[in-house]
Amino acid sequence: MSVFATQSLLEGILGQSIPSPDPAWQSFSVWIFSIHTYALCILAGIIVATIWTSRRLTKRGAEPGIVLDIILWAVPLGIVGARFYHVLTHPGDYFYPGADLLKVLYIWEGGNAIFGSLIGGAVGAYIGCRLTGLRFWSFADALAPGLLLAQALGRFGNYFNHELFGVPTNLPWGLEIETTNPAFPVGLPEGTLFHPTFLYEMIWNVVGIVVILVLERRFNLRWGRAFGVYLIWYGLGRSWFESIRIDPSEIFLGIRTNVWAAFAAIVIGIVVIAVQSRRHTGLELSPYRPGKEWNPSKPQVDSDSTDSDTEGDGDDAAQLVETGAATATSNTGSQS
């Protein structure tokens, strides 16, 4: 089948384009509060990831509900990290003569970065794990598929906000954007369609969930290796999606900063898998650090059944978190 025939078939199945939702869907009022649909998408992602991570941890021997003690640290620090990463990578939007520096804190005006949330969230999760006795990498592995799902739901919020779209396209799934949109490129005619990068990332993340779950069945993806796969998978996809976006971004050596951050995620993921594979060759018999095991009223596992590799797990987690924070490097939309 020719390329023309294939495109004609897709147009017949999918239609000529993907319409953007009515702007009225972007927010609604409840009493004196303005509720943003984007925020609801983020909240839905956090809830789903929390429930899924909790179930995965419980199956691995953790105390039911212990994930709540960790997200109490991870979510707030993730939000702080997301905001400050965006501000630091878009200094021209906040630091100029006569600028209101308090706008750095105006998170409701948009500007949050996924890579910043990963750094801040990792710091928060590490603190929570130290306080609860869980191994950081055990929590990270349990979180990996849920994190991809949360990010996919968050990207749906970009669709409601009419933001973070890609370069023009004639493909049958091109996204309709109104010419009054501040991000609509000057000089392009009305009716120009754009790559729906939010949709690409959603699909990529869902496929990534399947990849992680399948690999977990075939290989020993504990000791941080599942999270390493997450970093590699997300970094690979994001490096391409980011490269075709047209929203303003800082450029370093001709490449968008978030593409560099995606490359950094890939490298960190490879390092995590390589280092942890050498340090821990046995099975992970408990998600807790030695001496911190949970003792239920009816013991189900022997608290002394730990692998000899468990010593020092907290230290190497701290080192790799610090490496990620130092290496990873958003976007003027709600989430970049």
Side-chain angles (χ1 to χ4, degrees), residues 53 56-57 59-62 66-67 70 74 115 118-148 207-239 260-294 301-329:
T53 302
R56 283 167 59 85
L57 279 173
K59 288 182 179 179
R60 299 177 184 198
I66 195 173
V67 67
I70 299 174
F115 288 114
L118 288 176
I119 296 171
V123 173
Y126 181 75
I127 295 172
C129 286
R130 297 301 294 182
L131 294 175
T132 59
L134 276 179
R135 289 192 178 95
F136 172 81
W137 292 120
S138 297
F139 172 78
D141 287 339
L143 172 67
L147 186 55
L148 282 172
V207 174
I209 293 172
V210 176
V211 169
I212 291 176
L213 295 180
V214 169
L215 290 178
E216 281 185 334
R217 289 179 176 272
R218 299 190 61 182
F219 304 101
N220 177 20
L221 290 190
R222 299 291 183 92
W223 305 108
R225 288 186 278 262
F227 192 73
V229 172
Y230 156 79
L231 288 173
I232 295 171
W233 184 266
Y234 183 71
L236 285 172
R238 184 63 186 273
S239 64
W260 285 113
F263 292 159
I266 297 171
V267 172
I268 293 172
I270 294 172
V271 170
V272 168
I273 294 174
V275 172
Q276 295 297 83
S277 294
R278 294 191 62 181
R279 291 178 62 90
H280 306 287
T281 57
L283 297 176
E284 181 190 79
L285 301 181
S286 171
Y288 289 93
R289 301 195 309 276
K292 301 293 185 178
E293 293 84 355
W294 173 55
V301 295
D302 182 359
S303 62
D304 293 329
S305 298
T306 56
D307 189 85
S308 60
D309 289 331
T310 60
E311 298 298 332
D313 182 64
D315 292 336
D316 69 345
Q319 293 171 1
L320 287 168
V321 169
E322 293 172 359
T323 300
T327 308
T329 50

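Worth knowing before you read on, the calculation uses all heavy atoms, side chains too, and leaves out hydrogens, waters and symmetry mates. All figures in this text were calculated on a predicted structure; none of them were measured in a lab.
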Colleague: Mind checking the CZ-CZ spacing from R238 to F115? Nearest 0.5 Å is all I need.
Modeller: 5.0 Å
Colleague: Side chains of V272 and F227: does their closest heavy-atom pair fall under 4.5 Å?
Modeller: no
Colleague: On a heavy-atom basis, which atom in G235 and which in A262 lie closest, and how many Å separate them?
Modeller: O-CB, 3.4 Å
Colleague: Return the minimal non-hydrogen interatomic distance between F139 and C129, and the atom names on each side.
Modeller: CB-SG, 3.7 Å
Colleague: Which pair of non-hydrogen atoms, one from L57 and one from L134, has the smallest distance, and what is that distance?
Modeller: CD1-CD1, 4.2 Å
Colleague: For the residue pair S138 and R56, establish whether any side-chain heavy-atom pair is separated by less than 4.5 Å.
Modeller: no
Colleague: Quick one: does L221's side chain get under 4.5 Å of D141's, heavy atoms only?
Modeller: no
Colleague: Does this structure show an ion pair linking R60 with E216, if we count only N-O contacts that are shorter than 4.0 Å?
Modeller: yes
Colleague: Would you say the side-chain atoms of W223 pair up with the backbone N or O of T281, donor to acceptor, closer than 3.5 Å?
Modeller: no
Colleague: Looking at every heavy atom in both P287 and G61, which two are closest together, and how far apart are they?
Modeller: CG-C, 4.0 Å
Colleague: First locate atom CD1 of I70, then atom OG1 of T53, and finally report the distance between them rounded to the nearest 0.5 Å.
Modeller: 9.5 Å
Colleague: Please confirm whether the backbone N or O of R225 pairs with a side-chain atom of Q276, one donor and one acceptor, at under 3.5 Å?
Modeller: no
Colleague: Looking at CG of L148 and CG of L143, how far apart are the two atoms once the value is rounded to the nearest 0.5 Å?
Modeller: 9.0 Å
Colleague: Considering non-hydrogen atoms only, spot the tightest contact between A226 and A144 and give its length.
Modeller: O-CB, 3.9 Å
Colleague: Does a side-chain heavy-atom distance below 4.5 Å link L118 with Y230?
Modeller: yes
Colleague: Is there a donor-acceptor contact under 3.5 Å from the side chain of S239 to the main chain of L236?
Modeller: yes
